Protein chains: 2
Amino acid sequence: MKLTSKGRYAVMALVDLARFDNINPVSLRDISLRQGISLDYLEQIFSKLKKNEIVKSIRGTQGGYVLNKNPNDIKLTNIFNAVDEKVKTVQCRKESKKGCNGKATKCITHNLWDELETHINTFFENKSLKDLLNNNKETRV
Amino acid sequence: MKLTSKGRYAVMALVDLARFDNINPVSLRDISLRQGISLDYLEQIFSKLKKNEIVKSIRGTQGGYVLNKNPNDIKLTNIFNAVDEKVKTVQCRKESKKGCNGKATKCITHNLWDELETHINTFFENKSLKDLLNNNKETRV
DNA sequence: CTAAACTTGACCATTTTAGTCAGGTATGTA
DNA sequence: TACATACCTGACTAAAATGGTCAAGTTTAG
Ligand code: FES
Ligand code: FES
């Protein structure tokens, strides 16, 4: 089970953005340099974030991106959904009555994986961008 | 973030095994048929489970595998470790002081991913094979 | 002595990931 | 108006991971 770069970068970039967007729009170039993420890749990611109304774009010189919501209202769930980083632990289609092995009933571990999926998603639902900003100021060891 | 088949199959197979091993050793062929998992693939998985002393093997006709511990003492953590299904959310090497971007300090989201890793691992540490057996008898809707 | 079942290791097709590349288009500033 | 900056879009691809298969054994109950 691992987290992909796309999801990791999306959150990283948004935290970076949230720190600076009070004043001016933040350019992807800046984020790219500060966070060490490929500019071209960031563009793909922000295209999706924009479609999902998490950020707004401002074109032209001095342009960049700005948050489209209050940091408190942007949960990790929203970010992950936007960039298609989905948590998938069950193998079967959930809606279907059928199991992952093609049989007529759910497999013997289905409930377990479903529980795990919920467990993980709960984490994402309870974390907002705001939390991450605070968290970082705390300078925890 | 998704669970791989290897981890899913390992747990599936062990639950199946745990249900039947009171009487006789259980052959991989039986598990393969009951759970719809490729026999050759199961062999790879059980080879690892054996090395990690989770199961014992009995060779020859009427042979098969048997649990090597009490179901209550086999946590999901143990199973996942055995088959190299590791939870990896941070990108960096944890021991290192360096960040994932090659910089001298940890990245701004490092703490978050670390917390997530703990969150997921906690789930695995608190589930034993025994729990899964009980869970399945409950015939939950 | 033979069939069932474990054992080992090499091999491989497909899919996913993590990007790159090559073109645009819009707009603030000089 | 020129032009640099920064967003925008879609195609493409190398490398890694996944999810197996295949082949050639060895062991032992009956
Ligand atoms: S995971 Fe849903 S039936 Fe197996
Ligand atoms: S994940 Fe550890 S430094 Fe970025």
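Residue numbers begin at 1 in each chain, while the letters A, B, ... track the order of the sequences. This one's a predicted model, so the numbers in the text were calculated from it and none came from an experiment.
Applying a 4.0 Å cut-off to non-hydrogen atoms, the residues of residues 44-59 of chain B that approach DNA chain D are B:Gln44, B:Arg59, listed by residue number. For the contact set between residues 28-38 of chain A and DNA chain D, defined by any heavy atom under 4.0 Å, the members are A:Leu28, A:Arg29. Residues from residues 78-87 of chain B that place a heavy atom under 4.0 Å from any atom of DNA chain C: there are none.
The list of side-chain hydrogen bond (donor to acceptor under 3.5 Å, both in side chains) pairs with a residue in residues 81-100 of chain B, not counting sequence neighbours, reads A:Arg8-B:Gln91, B:Thr4-B:Glu85, B:Lys48-B:Asp84, B:Thr89-B:Glu117, B:Lys94-B:Asp114, B:Lys94-B:Glu117. Note on residues 89-108 of chain A: no pairs pass ring-ring contact (aromatic ring centres under 6.0 Å, His included), not counting sequence neighbours. Residues in residues 70-106 of chain A take part in these ring-ring contact (aromatic ring centres under 6.0 Å, His included) pairs, two or more places apart or across chains: A:Phe80-A:Phe124. Residue pairs meeting the salt bridge (charged side-chain N to carboxylate O under 4.0 Å, His left out) criterion with at least one member in residues 99-110 of chain B: none, sequence neighbours excluded.
Both A:Leu39 and A:Gly60 lie close to DNA chain C; mapped to their nearest nucleotides by heavy-atom distance, the more 5′-ward contact belongs to A:Leu39.
Minimum atom distance to the side chain of B:Ser27 is reached by C:dA5, of the listed D:dG19, C:dA5, C:dT29. Each of C:dC6, D:dT28, C:dA18 was ranked by its minimum atom distance to the side chain of B:Glu43; first place goes to C:dC6. In this structure, the nucleotide among D:dG20, D:dA17, D:dC22 sitting nearest to the side chain of B:Asp40 is D:dC22.
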Output a table of donor-acceptor pairs, distance under 3.5 Å, between side-chain atoms of residues 24-41 of chain B and any protein atom two or more places apart or on a different chain; print 'none' if there are none.
from: B:Ser27; atom 1: OG; to: B:Asp30; atom 2: N; distance (Å): 3.2
from: B:Ser32; atom 1: OG; to: B:Ile37; atom 2: O; distance (Å): 2.8
from: B:Arg34; atom 1: NE; to: B:Asp16; atom 2: OD1; distance (Å): 3.3
from: B:Arg34; atom 1: NE; to: B:Asp16; atom 2: OD2; distance (Å): 2.9
from: B:Arg34; atom 1: NH2; to: B:Asp16; atom 2: OD1; distance (Å): 2.8
from: B:Gln35; atom 1: NE2; to: B:Asp16; atom 2: OD2; distance (Å): 2.6
from: B:Ser38; atom 1: OG; to: B:Asp40; atom 2: N; distance (Å): 3.4
from: B:Ser38; atom 1: OG; to: B:Tyr41; atom 2: N; distance (Å): 3.2

Less than 3.5 Å apart, which donor and acceptor atoms pair up between the side chains of residues 65-76 of chain B and the rest of the protein, not counting sequence neighbours?
from: B:Asn68; atom 1: ND2; to: B:Glu53; atom 2: O; distance (Å): 3.2
from: B:Asn70; atom 1: OD1; to: B:Asn72; atom 2: N; distance (Å): 2.9

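Summary for the helix from C:dC1-D:dG30 to C:dA30-D:dT1: the axes at its two ends, each from 5 pairs, differ by 10° when rounded to the nearest 10 degrees.
Considering only side-chain N and O atoms, B:Tyr9 lies under 4.0 angstrom from the phosphate OP1 or OP2 of D:dG20. In this model, the phosphate group of D:dC8 is approached by a side-chain N or O of A:Tyr65 to a distance below 4.0 Å at OP1 or OP2. Taking side-chain N and O atoms only, B:Ser5 has no distance below 4.0 Å to OP1 or OP2 of D:dT18.
For the pair A:Asn121 and A:Thr77, the minimum side-chain heavy-atom distance is 4.5 Å or more.
For A:Thr118, the side chain to side chain contact (heavy atoms under 4.5 Å, CB included) partners are A:Thr122, not counting sequence neighbours. A:Ser57 meets the side chain to side chain donor-acceptor pair (under 3.5 Å) test with A:Lys50; sequence neighbours excluded.
A:Asp131 and A:Asn126 get closest at one heavy-atom pair: OD2-O, 3.5 Å.
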